[in-house]
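Worksheet: one structure, shown below.
Lettering of chains follows the sequences in order, A, B, ..., and the numbering in each one begins at 1.
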Amino acid sequence: MADLTVDVAGLRLENPFILASGVWGETGATLARALRAGAAAVVTKSVGLRPRPGYPNPTIVEVPSGLINSMGLPNPGIEEYGAEMEEALRPGRPVIGSIFGATAGEFAALARRMERWGVSALELNLSCPHAKGLGAQLGQDPGTTKRITAAVKAAVDIPVFVKLTPTVASIAAIGRAAAAGGADALVAINTLKAMAIDLDLCIPVLGHGTGGYSGPGIKPVGVACVYELFKAVRVPLIGAGGVSTGEDAAEYLMAGATALEVGTLVLRKRDRTFRQLSRELARFLASRGHRSARSLTGRAHRGD
Amino acid sequence: MADLTVDVAGLRLENPFILASGVWGETGATLARALRAGAAAVVTKSVGLRPRPGYPNPTIVEVPSGLINSMGLPNPGIEEYGAEMEEALRPGRPVIGSIFGATAGEFAALARRMERWGVSALELNLSCPHAKGLGAQLGQDPGTTKRITAAVKAAVDIPVFVKLTPTVASIAAIGRAAAAGGADALVAINTLKAMAIDLDLCIPVLGHGTGGYSGPGIKPVGVACVYELFKAVRVPLIGAGGVSTGEDAAEYLMAGATALEVGTLVLRKRDRTFRQLSRELARFLASRGHRSARSLTGRAHRGD
Amino acid sequence: MARRLTHRPRIVTITGKRAETPLVSTLRWRDATKARPGQYVMVWVPGVDEVPMSLCDIGGVKGIAVHAKGEATSALARLRAGDRIGIRGPYGHGFRHKPGKCLVVAGGTGIACLAPLVEKLARRWPRPSVVVGARTRSELLFVERMRRTGAEVVVTTDDGTAGRKGLATDAAYELLNRNRYSQVCSCGPEAMMRVVASLAQCQSAPVQLSLERYMKCGIGICDSCAMGGLHICVEGPVMDSRRVAGLPDFGAFRRDACGRKERM
Amino acid sequence: MARRLTHRPRIVTITGKRAETPLVSTLRWRDATKARPGQYVMVWVPGVDEVPMSLCDIGGVKGIAVHAKGEATSALARLRAGDRIGIRGPYGHGFRHKPGKCLVVAGGTGIACLAPLVEKLARRWPRPSVVVGARTRSELLFVERMRRTGAEVVVTTDDGTAGRKGLATDAAYELLNRNRYSQVCSCGPEAMMRVVASLAQCQSAPVQLSLERYMKCGIGICDSCAMGGLHICVEGPVMDSRRVAGLPDFGAFRRDACGRKERM
Ligand SMILES: Cc1cc2nc3c(=O)[nH]c(=O)nc-3n(C[C@H](O)[C@H](O)[C@H](O)COP(=O)(O)OP(=O)(O)OC[C@H]3O[C@@H](n4cnc5c(N)ncnc54)[C@H](O)[C@@H]3O)c2cc1C
Ligand SMILES: Cc1cc2nc3c(=O)[nH]c(=O)nc-3n(C[C@H](O)[C@H](O)[C@H](O)COP(=O)(O)OP(=O)(O)OC[C@H]3O[C@@H](n4cnc5c(N)ncnc54)[C@H](O)[C@@H]3O)c2cc1C
Ligand SMILES: Cc1cc2nc3c(=O)[nH]c(=O)nc-3n(C[C@H](O)[C@H](O)[C@H](O)COP(=O)(O)O)c2cc1C
Ligand SMILES: Cc1cc2nc3c(=O)[nH]c(=O)nc-3n(C[C@H](O)[C@H](O)[C@H](O)COP(=O)(O)O)c2cc1C
Ligand code: FES
Ligand code: FES
């Protein structure tokens with residue numbers, strides 16, 4: 001059987017599949033459930049300094065090729081999240097702490113707290129497409145990206161991942177800035193800004209108007225981003241966006257990813273998500289004579 | 001029967017459906033075919049100063065929710081295109097000339113030529129996602145967008161449309177720049193940068209590597225862009241991206257569009273594309289008691 | 001023309017509106033979707049909010065019983081026939097009904113999700129027993145509706161203004177002593193359901209409880225309704241009491257829109 | 001696991017390769033897709049190009065006859081059994097065959113797309129007539145294969161090194177005078193096909209011609225193969241001669257990769 005283990009910036013993972021931030025991640029018990037269901041690691045919901053209720057419902061709407069969500073970064077605040085982390089850590093697998101803030105100082109403070117709560121790595125949300133002054137609005141600027149990354153790196157000893165938005169002129173430029181700031185890995189992509197309008201009521205379905213588009217429809221964009229980042233930087237990449245089958249995972253790996261984050265698929269597959277992906281990827285590797293998931297990383301660049 | 005006529009920057013259209021650039025548009029006879037098949041207007045293939053063969057094949061690959069193309073702006077050059085225009089103009093409906101160049105001067109020269117060939121309006125391609133130093137690489141910068149738009153406006157008397165890329169931090173900022181340059185209408189969106197990798201050969205399918213993603217999978221992104229532009233500028237908007245049914249068209253209209261460009265749908269519907277869209281939109285309008293397509297424009301903003 | 005998407009609100013027009021109690025009104029609309037007793041829908045009040053509501057009618061006409069307590073429910077209660085709302089669902093697990101005599105214990109608006117179950121059960125023998133409890137006479141909901149089913153209906157009010165004075169659990173205790181039940185179904189405050197579940201243990205009848213938690217997505221991904229790693233929106237709202245009993249939050253904690261835990 | 005996409009190359013392994021003439025080799029692969037005589041595929045030579053090729057074998061083993069003339073075709077001709085290529089299609093309209101006697105006129109590699117048709121036609125009565133023309137003996141393709149079908153085969157070479165000296169159209173003229181044909185099918189240089197079409201007019205037999213134009217997408221959207229508003233990739237490559245005759249470019253102009261018109 002093909003070897004599925006991978007290593008991302010020192011994190012040894014049993015398989016390349018990580019639960020993406022914001023799905024199943026508001027409570028520690030659900031994170032633990034994902035780990036027990038075969039996720040090699042999980043990313044917490046993005047957590048900020050203070051409790052935040054998020055945007056008004058509806059916060060989710062289906063489109064033919066995915067979902068649009070405008071959760072609006074609801075979270076209980078970093079202090080309360082400590083209790084969730086206790087539960088999340090119980091299965092003994094890596095938990096990655098996602099954080100968001102408005103300034104480099106906020107990010108550093110959150111990072112220190114998350115480190116104390118026991119996460120194995122941090123993920124900086126510089127990419128949420130619908131929160132004013134947060135997320136993508138920071139991560140669209142190379143200077144800000146570098147500054148925040150450097151501030152967090154200086155504040156903690158654990159690896160720091162930076163999660164990028166595809167809604168920029170050049171994701172390679174942002175990736176280089178994050179790498180220059182000391183990022184240990186880059187995660188691409190967060191959701192694309194999108195919207196759905198109700199045709200009977202003639203108003204946007206989501207309470208917030210626009211939201212973030214995830215699921216199968218964004219995979220071609222995510223693969224291109226990972227491919228471009230692989231050419232631009234020398235840090236490991238975590239692919240995300242529409243991973244729904246082992247073959248999708250293989251495509252991201254070939255583009256340059258070392259591991260994958262998976263979100264929207266959990267809607268359809270629930271607890272089967274991660275074991276099924278591992279099984280499918282293993283079957284893919286075996287059928288094509290590849291010995292390991294690792295060996296696929298960046299394969300599509302061989303001819304460059 | 002509901003009134004489908006619309007007016008875009010002085011162009012009176014029998015229905016809101018326009019053939020998008022690059023689909024069926026390399027030759028004048030095919031543009032005429034689209035007009036005879038019910039398109040209210042057509043946009044030519046993007047034409048440059050000199051003949052250009054485009055990128056190596058494969059230049060097109062299907063994905064589950066659309067197509068990725070890397071045609072690479074093939075065109076016979078503006079001089080030869082005059083002969084095509086003669087044929088395109090035969091049905092007597094508006095032909096919109098799409099042009100691309102590397103500098104404001106090139107755009108102005110092309111615009112003058114297109115005007116001489118008899119187009120009713122110009123569309124500036126500041127948005128092709130895969131051509132170096134052209135298209136999106138210009139349209140991602142507000143200053144360049146404004147400068148090129150202004151140069152073309154100064155060169156011609158016909159309306160000037162600017163076609164925008166969604167691959168920017170803020171499409172509203174680019175839209176405002178185009179409007180400040182004098183754009184008479186904005187077209188949103190061009191394709192999203194994307195890619196597909198062959199899982200057997202472990203190489204990108206497209207000869208050029210990355211390409212532009214079109215079709216149903218990009219509609220939620222296009223609708224959000226039109227919605228944001230409607231809030232940002234006071235010029236008419238032409239929606240594009242994944243329009244496949246009359247309901248899709250209605251959604252774009254409600255978001256703020258006055259007319260629609262349609263590309264990828266032509267793959268499946270051929271000559272039926274435009275009449276079917278008109279029929280479906282008319283049926284939608286009638287079923288919801290709307291009197292005209294026009295009356296839908298911007299409806300989703302009423303509650304703002 | 002386009003394919004119907006499961007997780008997208010479909011717009012329906014309210015065909016009927018009735019004030020059932022000073023605080024509770026029912027809204028009804030035509031809707032051919034299949035539903036089981038105990039399932040809920042996400043109700044979009046345009047421009048206001050989208051909130052979970054149990055279906056109190058599950059046939060070709062669907063209905064909800066709205067207890068106006070905040071912005072969304074008050075907006076819902078202000079709607080009239082002809083107004084439009086958006087509906088996603090029915091979602092979640094409803095009540096499974098097995099052959100045999102059933103005890104139904106409802107507290108407050110809890111009767112809303114139990115009413116369709118009683119109507120279903122009462123069509124066959126043996127007739128079910130139904131406890132309808134409320135704080136006071138004016139808050140009693142669906143008592144006539146329950147009587148019409150032919151079920152044995154026991155009404156309780158905390159203040160004795162109607163039926164028996166006392167708690168619904170008191171009546172449940174007596175019924176459990178008097179009859180043999182092959183299952184117990186309950187919906188109401190968690191403190192009440194906790195008692196119902198422990199009372200029923202002596203008869204070793206399986207107990208199904210309908211839970212309420214803060215819901216956003218309704219489809220098991222946002223985690224806002226999570227209790228001990230289970231999503232009430234998908235794995236509930238109706239759950240077996242043995243499963244519920246293992247959840248430390250049951251009867252003790254709930255979460256707010258931020259995901260903060262708060263004492264009930 | 002994922003659904004097969006129609007317009008995405010599927011990777012096949014070449015199972016057989018044969019040099020048919022000094023310039024033409026055939027490549028074969030196993031492929032269960034349904035195909036009709038006259039259809040073509042888009043052949044992806046990884047790292048090089050993707051080019052249209054008529055199918056010269058349309059059964060469970062598919063084949064193409066490659067005339068090496070440029071980068072892509074030379075790369076194809078260098079491939080060997082075991083090598084992999086990508087295939088999209090079969091695409092386009094093939095030959096419709098009606099009952100009755102058929103005249104088939106092939107010039108050069110044009111016989112590649114006609115061979116499967118002849119094999120199909122020869123299985124029933126009346127036997128078809130086939131003209132196989134080439135400039136010289138060494139460039140003659142599939143003559144033996146055509147003879148084996150039982151069809152009446154007439155070979156012509158421009159220089160008389162094999163068969164009749166002269167043009168394929170000369171032989172076609174004689175056959176048309178000698179026999180009554182209910183249809184004529186032809187593939188080869190457009191100048192030749194133009195003559196075939198006008199010769200056949202006297203018999204008022206419908207004529208089907210297989211055209212070649214510069215193709216990129218193969219699916220009727222990029223417009224690079226357009227002729228008078230028709231897409232040869234979709235509405236062709238096989239078309240009725242009456243339709244073709246109306247196209248001003250036929251036999252006169254073609255377009256290059258830029259879409260520039262050039263004299264043939
Ligand atoms: C499965 C389920 C079925 C329900 N069935 C009914 C019913 O049949 N009839 C009925 O009147 N009520 C029902 N509710 C409760 C109803 O959803 C809330 O009362 C309503 O959402 C309150 O919204 P508001 O804006 O009016 O009040 P707010 O002022 O916003 O809040 C009032 C209280 O309602 C709770 N609440 C607010 N929003 C939500 C939400 N999105 N999800 C859950 N709780 C929320 C809050 O915790 C708060 O304590 C049900 C809830 C669930 C989870
Ligand atoms: C429907 C159809 C069926 C064909 N069937 C066969 C066949 O069975 N056997 C065979 O050997 N050839 C066939 N061809 C022609 C073949 O596609 C071209 O010879 C080939 O593409 C040349 O590529 P190259 O790189 O080798 O040559 P290049 O050096 O690139 O060009 C040589 C010539 O081929 C033409 N050509 C180049 N690329 C294309 C293209 N993408 N589409 C069409 N023409 C092109 C050019 O106009 C040029 O004149 C067919 C073409 C079409 C349209
Ligand atoms: C409901 C929902 C909530 C999300 N919340 C967050 C979040 O809090 N922080 C974040 O970085 N990404 C968030 N995301 C984005 C995902 O982590 C992921 O990047 C994206 O959904 C693409 O992956 P997918 O297509 O597998 O879902 C959220 C996605 C969804 C669907
Ligand atoms: C094959 C193809 C070629 C295209 N070429 C051009 C082009 O030359 N210029 C341009 O502005 N847009 C071009 N586009 C983009 C379309 O005009 C349109 O903006 C995009 O495809 C989104 O619309 P759709 O989803 O309806 O196809 C092309 C699209 C396709 C599919
Ligand atoms: S409401 Fe989102 S997971 Fe239950
Ligand atoms: S090859 Fe693209 S339209 Fe025919």
Side-chain angles (χ1 to χ4, degrees), chain A residues 22-34 36-37 45 47-48 50-64 67-77 79-81 83-84 87-88 196 198-207 214 263-268 270, chain C residues 1-13 42-52 71-72 75 83-88 213-235 246-249 253-262:
Chain A
V23 171
W24 278 29
E26 198 166 280
T27 71
T30 317
L31 290 172
R33 175 175 172 179
R36 292 198 190 97
K45 177 77 198 160
V47 179
R50 281 163 297 277
R52 194 181 143 102
Y55 295 132
N57 265 5
T59 43
I60 203 126
V61 58
E62 193 181 0
V63 291
L67 284 179
I68 312 179
N69 88 79
S70 60
M71 302 311 304
L73 299 172
N75 78 95
E79 290 313 322
E80 292 228 8
Y81 206 75
E84 306 303 330
E87 294 205 58
D198 184 86
L199 298 177
D200 289 299
L201 304 178
C202 304
I203 57 172
V205 177
L206 296 175
S214 64
T264 304
L265 184 64
V266 173
L267 165 61
R268 282 195 294 120
R270 310 280 304 159
Chain C
M1 331 174 197
R3 127 175 117 87
R4 260 245 166 286
L5 294 164
T6 320
H7 304 303
R8 188 153 182 158
R10 44 184 200 286
I11 306 305
V12 301
T13 302
M42 292 298 294
V43 180
W44 179 25
V45 198
V48 182
D49 201 349
E50 188 190 37
V51 292
E71 198 191 350
D83 286 339
R84 291 185 297 176
I85 53 176
I87 298 292
R88 286 195 287 139
R213 279 295 180 276
Y214 206 103
M215 289 185 184
K216 292 183 175 178
C217 72
I219 54 178
I221 59 168
C222 77
D223 213 26
S224 73
C225 68
M227 256 178 107
L230 294 176
H231 294 129
I232 301 309
C233 65
V234 167
E235 279 114 15
L247 305 174
D249 292 1
F253 294 99
R254 55 180 193 178
R255 290 178 190 263
D256 65 7
C258 307
R260 269 182 304 199
K261 266 193 180 179
E262 49 188 25

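Within the model, atoms CG of Asp256(C) and CZ of Arg213(C) stand 12.0 Å from one another, a figure rounded to the nearest 0.5 Å. Here the CG-CD1 distance, from Leu67(A) to Ile219(C), works out to 5.5 Å after rounding to the nearest 0.5 Å. One finds the SG atom of Cys222(C) at 8.0 Å from the CG atom of Asn57(A) (value rounded to the nearest 0.5 Å).
Contacts of Ala83(A) with chain C are absent, with no heavy-atom separation under 4.5 Å from either backbone or side chain. Using a 4.5 Å cut-off between heavy atoms, Arg10(C) does not touch chain A at all. With a 4.5 angstrom heavy-atom cutoff, Met227(C) does not touch chain A via any of its atoms.
Side-chain contact of Thr59(A) with Asn69(A): a donor-acceptor pair under 3.5 Å is absent, judged by distance alone. Side-chain N/O atoms of Ser214(A) and Thr264(A) include a donor and acceptor closer than 3.5 Å.
Interface check for chain C: of the options Pro74(A), Gly22(A), Pro58(A), Ala29(A), the most heavy-atom pairs under 4.5 Å are formed by Pro58(A). Most heavy-atom pairs under 4.5 Å with chain C: of the set Asp200(A), Val266(A), Val23(A), this distinction falls to Asp200(A). Among Ala32(A), Pro51(A), Gly25(A), Pro56(A), the residue making the largest number of heavy-atom pairs under 4.5 Å with chain C is Pro51(A). Each of Met42(C), Lys261(C), Lys216(C) has some count of heavy-atom pairs under 4.5 Å with chain A, and the biggest count is that of Lys216(C).
For Arg270(A), the side chain to side chain contact (heavy atoms under 4.5 Å, CB included) partners two or more places apart in sequence, or in a different chain, are Trp24(A), Arg33(A), His231(C), Val234(C), Glu235(C).
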